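These numbers were taken from a predicted model, which means no experiment stands behind them. Just follow the structure's listing: the first ligand is 1, and inside any ligand the first atom is 1.
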Amino acid sequence: MSRSADLFDRARAVLPGGVNSPVRAFRAVGGTPFFVARAAGARLTDVDGKIYIDYVCSWGPLILGHAHPAVLDAIRAAAEKGWSYGAPCEAELELAEVVRRRMPSVEMVRFVNSGTEATMAAIRLARAATGRSVILKFDGCYHGHADSFLVKAGSGVATLGLPDSPGVPAAFASLTLTAPFNDVAAAEGVFQRHGDELAAVIVEPFVGNAGFIAPEPDFHPALRALCDRHGALLIFDEVMTGFRVAPGGAQQRLGIRPDLTTLGKIVGGGMPVGAYGGRVDLMGLIAPEGPVYQAGTLSGNPVAMAAGLATLRETERPGFYETLERRTARLVAGIGDAASRHGVPVTAGHAGSMWGAYFAAGPVRNFSQARNSDAARFARWHRAALARGVFLAPSAFEAGFVSSAHTDADIDHTIEQLDGALVETLDR
Ligand code: HOZ
């Protein structure tokens, strides 16, 4: 028995499913998860000494790869000065200023500890600001695990095939309306029926929790116009896309100015950080400036702020995003080429260094098309790739990520291994 399998056995006795976040249990791809001993650059090493090129990158935060020296130095330096104050520190202010400079729609920001906290708070703020209760989300989009969002959600909810979560009161779920992603007519229909009840539309601008789905050109402009016409707020959930798909996130890439934005992952450089922010008149409603309550003992944690700042600083090097995008495009093209050579239908895409591949002829423009992809083949591909030292997200309903630590040679090696892994999935 491997040491990972042994640890997983022990873990199952004390952690539900042996994990602290469901997708990590590998249920969708079979087998048991490896346990990580250490990580550096583009590689993870497991407790049995096996090395993997990592395309999960901690589910998105590690745009510089693992244990980047500049981030490590910043964490060390911050920790030496104490790692939790419960009082303001300069790094919070510095990170807020960087966020505002990079995302001008975020005129003011509040740091929290996770993406879930950020989306929860953003919805509370939208409800308070509009005096309305209903929200619209899109099928397969995942906005964390707060009650309001576990309705037709992506990520682990989709991976485990749970329609909706028990424990969410029906009264709560009834305030969350849904529509298919990329379907302007459906969104218009919701606004026609509920326009005066809608506090907000929340959307992952590029979906990363149902696999990777790109928006069609008319989708976000239509959402912006609908919100403006009906007095609802547009919330871009940029937990995955923020500082990932462009220096200023999806809103820069798409040329859309949301009213509120939620952030996580990269903004904390791999430490537990989330954030929400937006128009100053809205953020002025947050306590203590205004009456909308939200608080947190560890919010603005000095070590986490330092990691986020160091990470964002590194991404400002000339050519950073261009190089990442070029490498990701090469990876995605390599997967597509191998698939067509072997006669396997694949639809693959990327935005910046966020990417995904479905075993489907395509197009994949919404969650129901994503769900019709060949998940069984994905599972075989995942297992074969893992055996060949390539770690992909263990679900067809999660995006992949390339970091600046992935070299051209890593990408070429990965393409070769994924090609071999695909051959192993062919019916013979
Ligand atoms: N559900 C998150 C990604 N979409 C995190 C999964 C994890 O950390 O295991």
Examine W59 together with F401 and report whether their ring centres are nearer than 6.0 Å. no

Atom 9 (O) of ligand 1: closest protein heavy atom, distance to 0.1 Å, is R24 NE, 2.8 Å

>> Below 3.5 Å, N or O to N or O, backbone or side chain included: is there any such pair between Y142 and ligand 1?
In response: no

One finds that the ligand 1 atoms under 4.0 Å from a non-hydrogen atom of N209 are 3 (C), 4 (N)

Nearest non-hydrogen protein atom to atom 3 (C) of ligand 1, with distance, is E398 OE1, 3.4 Å

> Hey, would you say the Y142 and F397 ring centroids sit under 6.0 Å apart?
Replying inline: no

Exercise for review: Check whether any heavy atom of V23 sits under 4.0 Å from an atom of ligand 1.
Suggested key: no

Taking the six-membered ring for Trp, is the centroid-to-centroid distance between F367 and F138 below 6.0 Å?
no

Nitrogen or oxygen of K265 less than 3.5 angstrom from that of ligand 1: no

Regarding E325 and S353, is there a side-chain donor-to-acceptor distance under 3.5 Å anywhere? no

Heavy-atom count around H220 NE2 within 6.0 Å, excluding the residue itself: above 12? yes

Point to revise | Centroid-centroid under 6.0 Å between F212 and Y358 rings | key: no

Atom 1 (N) of ligand 1: closest protein heavy atom, distance to 0.1 Å, is S155 OG, 2.7 Å

Per-atom filter on ligand 1: closer than 4.0 angstrom to a heavy atom of M240 are 4 (N)

